[in-house]
Protein chains: 4
Amino acid sequence: MSANREQVSQDDRDRQEKEQPRRRQARGERRIAQLLEAAATVFTTTGYTAASTNAIAREAGVSPGTLYQFFPNKEAIAIELGDRLMHELREMYGEALAPVDPMTPLEEAVGAAVDRFIAFNCEHPVFFSLMHGPDIPGRMAEAHDALHATLLSRIEGLLSSFLPDAAPADLNRTAHMCLGLYKAGLELVLAHEGAERDAYVEELKNALIRYLDPLAGDRPGHPGAPGTAP
Amino acid sequence: MSANREQVSQDDRDRQEKEQPRRRQARGERRIAQLLEAAATVFTTTGYTAASTNAIAREAGVSPGTLYQFFPNKEAIAIELGDRLMHELREMYGEALAPVDPMTPLEEAVGAAVDRFIAFNCEHPVFFSLMHGPDIPGRMAEAHDALHATLLSRIEGLLSSFLPDAAPADLNRTAHMCLGLYKAGLELVLAHEGAERDAYVEELKNALIRYLDPLAGDRPGHPGAPGTAP
Amino acid sequence: MSANREQVSQDDRDRQEKEQPRRRQARGERRIAQLLEAAATVFTTTGYTAASTNAIAREAGVSPGTLYQFFPNKEAIAIELGDRLMHELREMYGEALAPVDPMTPLEEAVGAAVDRFIAFNCEHPVFFSLMHGPDIPGRMAEAHDALHATLLSRIEGLLSSFLPDAAPADLNRTAHMCLGLYKAGLELVLAHEGAERDAYVEELKNALIRYLDPLAGDRPGHPGAPGTAP
Amino acid sequence: MSANREQVSQDDRDRQEKEQPRRRQARGERRIAQLLEAAATVFTTTGYTAASTNAIAREAGVSPGTLYQFFPNKEAIAIELGDRLMHELREMYGEALAPVDPMTPLEEAVGAAVDRFIAFNCEHPVFFSLMHGPDIPGRMAEAHDALHATLLSRIEGLLSSFLPDAAPADLNRTAHMCLGLYKAGLELVLAHEGAERDAYVEELKNALIRYLDPLAGDRPGHPGAPGTAP
DNA sequence: GATGAATGAGGATTCATTCAT
DNA sequence: TATGAATGAATCCTCATTCAT
């Protein structure tokens, strides 16, 4: 996508009639990054709904028109921001959010996943704004939904190694619950600092582990749900 | 603008049906109810941020000027709405959200509380909008915080009978977690219908029960935390 | 519409829930007239497309918001302007644009109609902007089409007494031609002054009369088309 | 900005294929043709006023900067477009729009001229946009006026063979009328299709012929004005 | 020449809030 | 009280034009 930028050479200057993705200059790429960074700041500060495109442009130190050279509207910014965030997340932690070694105890796997996610969120506070549904139903829907879908599929991936026998519908529901629980916990984590924050991180892990543990049934490395022992 | 904000919502609360029986009060009360109902509709439909005072007035069938005769600004409407909602909740279910009989098993108590809450939410869809803070920090903060504080104290009340030995800080943290979990679950419940909705209700109960169970330690009527069984 | 304004009395203040056409105050009626006058000026000066709502508001001496209290958008202004213009035209000259006495010679009838129309246009220069199709297809369509339809039906009314035997489709086509010829002539008339303008008025009458004369076939008071005499 | 406006369009006209055979000229000519074609498309689609230079550049497959390398502003494009159109018209039908044989009956001459004009318009739909002045006085004025002047002089040429005795002022006025009538008719013609379109073409011819016939007085090949028959 | 980036004033429209009646 | 009118800054977005590369 950005690797073959140089290939666009002289001889196609004539036959380039209307094909859309026009050449992008390095400066433009920089501007886009700048704008996304500014958008992240503004979204984080004021929330998506109240974030104005002019405010984003101002924060980025460019004119409103410049913003619209790269993004057709506010939602497109959110979408691209979400995409890049997911991309980075994938690059950092791979496809599965956690080691897929089936012998890893649930506790450890969830703990690691939560730690990573929390760290990622602290590094990228926008993620939180983007993850939270929009105040207004229908707005920001696309950006939010795309993010959600990606996150859900990753969580399903993580869960499937612990719940190999779950029906797809159940797996999906469990993933939704986990994401919901995580979002709720994250909100609390971000709302506190220091030791209290750490305490909330522990509670979040506990909530997830306890919720999942009974579902993880008979699995190698699983000590067994309470009461299922002979 | 901000000077008489608490005056109003506080006044309203205090002078209800006291003082001389003025005939304008009856009309005023009706207007307020009308406006709050309209606000509930509009908040639910469009969210707090996007709800315009003009839209609320229109929905209530009055002029914008009339609205501002009863509420100094948009947030005051949300605050009063939250107050009334909490009032009604209190009237319906008493102070404790659930029977305080200490012998009630946790499972039953949580299940009942969740059922009641869900029912209440379905009856008053605004509740959800008000509970979910707006995506904009600072806006609607007062309304949201007041609601939260009340809910938290009620949850603490419920929890304290199950966690009698918990330190206040821990109790508070646990209440925060429970509220967060509940909000997360509620979002999922409201996003689905029919059997799937019921399934999410069950999952929500499970999540809460499993989260709380180990904390409920040695309590009469408690089967014991995992690992404490003989 | 404005006669029963007073009827709206106390006792319906309660039952007025959502019915739309709200009471309009005298001040508002004045503002509307003011705004339409300003719009007429601006449309005439700059044309519909380039006329900005802000410019109209400025010309009317009010804020942009005030304009939008009375008109939902720019086109609505054009539509209302057109409606009022047609209303006035009808009030001034009745439904038929010209005396329907079938014995009136074509020449006289057309001459009178043109004179009236020209006079009306000179008094209301916006009429010209409104009548001319928009530069941009699709924009201003409603206002323009409404005006056109009304004008056409009036022209058909006038023509039908001279062309009693014409098929509807032919009558319609002839009316279209007359309107087109009139618009073309009007443009030239308005572009000149003094004697030259008068000359163009004469030419316009000639063009219309000569175009229509052969169509008016055997009619009482008609001298007969060239060459049809025995 | 306005200083070098006529420089450009005049330069363009003057240096066509003169001077040294530079290779860049070929490319430039191609670019200009490309841009004018794109402009024609956009003008036709959206009208002159709403046509954006960016849209024209996009349609032409070049960057906005390139457009401004060949045209100093939007109006210059319209002017050049009009010039080329007139040039082509002249090349196709010669200087006089119609055979100057004085014996040709008026009916035939007008019919032929209209047919040719209509055909030309159908081939070059922009012509219509350019001929109809924009609804905004002052904008596009130069392009529009240049076109008009050329057309008028050609129509005068055609008329002079039928109205040899007319005073210059009368001839000019008649030409204006003919052009106006033609534009009005053309609008109707283009607004219809199939048989209805043909019917309008006939009506347009009729209108012109009947308008001109009495003016063509005693001319060889003229059957005589009404009432001059024996 | 050619490109894409940059501009910034201006467009339509909205909205919380205040005011005159 | 109640109303509808009034405000004006702010919103998103566009566009003719210029600039750096």
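Lettering follows sequence order; numbering is per chain, from 1. All heavy atoms count here, side chains included; hydrogens, waters and symmetry mates do not.
In this entry the distance linking CD of A/Glu29 with C1' of F/dT21 reads 16 Å, nearest Å. One atom, CD1 of C/Ile56, and another, C1' of E/dG10, lie 15 Å apart when rounded to the nearest Å. The nearest whole Å value for the distance from the CZ atom in C/Phe71 to the P atom in F/dA5 is 12 Å. Following rounding to the nearest Å, B/Gln34 (CD) and F/dA2 (C1') show an atom-to-atom distance of 12 Å.
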Using a 4.0 Å cut-off on protein heavy atoms (strictly under), produce a 5'-to-3' string for nucleotides 6-12 of chain F with B for base contact, S for backbone-only sugar-phosphate contact, and - for none. BBB--SB

Let me see the working for C/Phe43 and C/Ile56 under side-chain contact (heavy atoms from CB on, under 4.5 Å), right down to the final yes or no. CA-CA 9 Å; C/Phe43 285 165; C/Ile56 294 172; 4.0 Å; yes

Candidate pair C/Glu37 and C/Gln34, rule side-chain contact (heavy atoms from CB on, under 4.5 Å), full reasoning: CA-CA 5 Å; C/Glu37 203 179 329; C/Gln34 207 177 41; 5.8 Å; no

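Summarising the geometry, atom CG belonging to A/Leu36 is positioned 4.0 Å from atom CZ belonging to A/Phe71; distances are rounded to the nearest 0.5 Å. Rounding to the nearest 0.5 Å places CD of B/Glu59 at 7.0 Å from OG1 of B/Thr45. To the nearest 0.5 Å, atom CD1 of residue B/Ile79 and atom CG of residue B/Asn73 are 7.5 Å apart. The distance from the CD1 atom of A/Ile77 to the CD1 atom of A/Ile32 is 10.5 Å, given to the nearest 0.5 Å.
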So what is the 5' to 3' dot-bracket string for DNA chain E, if pairs are Watson-Crick or G-U wobble with both distances under 3.5 Å, crossing pairs use [ ] and | means the partner sits on another strand? .||||||||||||||||||||

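The closest donor-acceptor contact from the side chain of B/Glu75 to the backbone of B/Ala141 lies under 3.5 Å.
Side chain to side chain, A/Thr66 and A/Ser63 meet the donor-acceptor criterion of an N or O pair below 3.5 Å.
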